[in-house]
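Residue numbering restarts at 1 for every chain, and letters A, B, ... go by the order of the sequence lines.
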Amino acid sequence: MSILIYLMPAALFLGALGLLGFLWTLKSGQYDDLEGAAARILLDDDDETPPK
Amino acid sequence: MSELAAPSSHPVAPRADPGLFVRRTESGGEAKIDFVVQSMHCAGCLRKIERNVGEMPGVSSVRANLSTKRVAVRWDPAKANAASIVDKLASIGFEAVPFDPKLIGALDESEGRSLLRALGVAGFAAANVMLLSVSVWSGLVSDMEPATRALFYWMSALIALPAIAYSARPFYRSAYAALKHGRMNMDVPISLAVTLATTMSLVQTVVNARHVYFDASITLLFFLLIGRYLDVQARNKACSAAQNLLGLRATAATLVDADGTYRSVSIDSLEPGMIVSVAAGARVPADGVVAGGVSDVDTSLVTGESVPEAVKTGAHVFAGTLNISAPLTVRVTARDENSLLSEIVRLMEAAEQGRSAYVRIADQAARIYAPSVHILAASTVALWLLMGAGFTVAITNAIAVLIVTCPCALGLAVPVVQVVATGRLIRRGVLVKSADGLERLAGADTIVFDKTGTLTLGRLELVNGAAVAPADLAVAASLARVSRHPLARALADYVGMRPLPVLTEVHEEPGQGLEGNLDGAAVRLGNRLWAGATKGDGELHAGSELWLRRGDGSTFCFRFTDTLRFDAVETIAALKARGFEIELLSGDRMPAVKAAAEALGIATWRAEARPDAKIARLKELAAQGRKVLMVGDGLNDAPALRAAHVSFSPATAADVSQIAADFIFQGAKLGPLVEAVDVSRKSRRLVFENFALALAYNAVAVPLAVAGFVTPLIAAVAMSTSSITVTLNSLRLNRGSGGVERS
């Protein structure tokens, strides 16, 4: 069970990364237009990020 | 989303100068603007808009939002301007209307965002804590050592404590606000349960006891936040759509400077003494006195009168009324303290006060639920102490009781149903703007309707066309074609596309009528005086009249009425069948209101009602204990909309009325009203069913908790299954039609 000494912090770290990633997506406005996001996958040339 | 309201017979008002709505970016370098583009509906539209505007020189960024139907553009002011962007969009087939959130009352999106952040934190923490908890639970039945268990519990505490402190803030805030005013709401027991569970778990971790409940508290928060977030978002979506409707009306005023030049200015910058020019077909931007010109003004949105009023120099005109026939020059006056509009504003403010007394169903439930649960917990402590167990054991069991009494299902009972109901109604063209509108609608038992614009479309129609000689019709239509007056337009529409005799020297006398020359004789079409009708045809006609004076001097009267909405009769019948008492309160003249009431089968009606008369009637009904649903569209209805128990307004209503109403319905039909009533009643039934389900869970779980058999595993299972059951039950709202068929 001593492996847990490595696994626990690793799990926490990854979890924290995931949380930070989510908070970043929230801040960069990716949830402001969910219908538009669904529509944009059909566009070939869309590469714009949402403005602040 | 369904289309906008049916096209009005009113001419389209000239659009505001987009330059008025341009703002500067924070860094100051660029200009930015928001447009509402209502006709955007697919990926193709997105691409067209973004590509075409993006390719314009000087435009640095353009982003279309398909959910809110708005487009945000940024550009370098030296290289482009707002008007060229609007033209570009028009050239690819999109009508872009500039939109300024400040003018409408900005939608506060920060609540949704902070809930989403709390939700994210709670979700991540819940997942990780559950990871550790499940390990412990499976380890407890096999061979996990106390040391390992302690380690896992400490890790859970490490993750859960900050997460709970952060995610529970919305609940703490709400609970504190309620308690401060001496009221109770559902967030009080939820906050208490979370706090006690977390504290107890921390204590248990320190003494390395067998069970902790971190996962229960964090998962509870997670589920409740989901419900709350979806609820807020559903409402934001409706409010944003409602804002778009108002924004599409955005107009500016045309100011006449001292040297005679015309300038476009925003309406709030108008001061008394300024002169504005009101084009034919435009709305009067501010109260004032006519300084020049003769025209007809449609006051239906202010007073409910379906017949336009003739005005000339010296007449008072009000903001929001529509100028029909000819351009007018108006000198802005300060709002007269005794004017109709001041009275409306005063009445609205007074009505606002009386509104907040309604207690939501969830809060009523909390009033019963919280004390009973706390008593149960206290008795558990007493029971165990009496039986000789230690203090720790007694407290642990008491807190287990608190956790397991499913504040989860109860906290979800209302929001989930609301989300489903709001979503269903928005698909049918009804926007639910207020948080408790659905509840209040379910409790309504009386409906008070306004007439003009609400039960009617505000469009005039010729009624005695069959009695007219075709030759007269043709002559009249030939004259009527050149005028923009609603009566003339209605006549021309009735006759339609037919070969008509050609008259020479046709001219229109605003406020009077038309005159032309047919085979050497003068023919006139207009009001009674203009046509020189002396016959005592004088019985008060329910609608309006247009007199034709033929070449030989004889006269004929065309009669018009304001048509009822297509399905008004069926809707009233359907509402009566659902047990409503119906009344008609209108500001229009007596004959018109009487005819409408008879056509619709409404027994109680009143005509020529000013706003204070409407409110007085509502107060009378409220004193009788009735819950009134008010449906109105005019400015004169706005105070009543605020004072009623719950209110509806069509999308064509005056701005103030749309803001005052709880629900907005789009389209030319009244059917959505019945739909909304059915959905609200079904929602209420489902909410009570959800409460019953939660109670059923409690009936099973509470005895187990009191007896000390509830482990964290059981608590987690109870919480999850009760939440899922409540959610599934709420989704039943989507099945079944309910209400009038929508074509």
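- Here the straight-line distance linking atom CE of A:Met8 with atom CG of B:Leu132 works out to 5.5 Å at 0.5 Å rounding.
- Nearest heavy-atom pair, B:Val121 versus A:Leu19, reported as atom, atom and distance to 0.1 Å: CA-CD1, 3.7 Å.
- Interface check for chain A: of the options B:Ser67, B:Cys42, B:Ala43, the most heavy-atom pairs under 4.5 Å are formed by B:Ser67.
- For the pair A:Ala39 and B:Leu66, the tightest heavy-atom approach, listed with the atom from each and the gap, is CB-CD2, 3.8 Å.
- To the nearest 0.5 Å, atom CZ of residue B:Arg117 and atom NZ of residue A:Lys27 are 9.5 Å apart.
- For chain A, the nearby part of B:Asn128 is the side chain; its heavy atoms alone come within less than 4.5 Å.
- With rounding to the nearest 0.5 Å, the separation of CZ in B:Phe124 from CG in A:Leu14 is 11.5 Å.
- In this structure the side chain of A:Phe22 reaches within 4.5 angstrom of the side chain of B:Leu116, judged on heavy atoms.
- Using a 4.5 Å cut-off between heavy atoms, A:Leu23 contacts chain B through its side chain alone, with no backbone atom that close.
- Checked options B:Lys237, B:Arg113, B:Arg63; the residue passing with A:Asp32 is B:Arg113 (criterion: salt bridge (Lys or Arg N to Asp or Glu O under 4.0 Å)).
- Between B:Arg47 and A:Leu42, the closest side-chain pair of non-hydrogen atoms is not below 4.5 Å.
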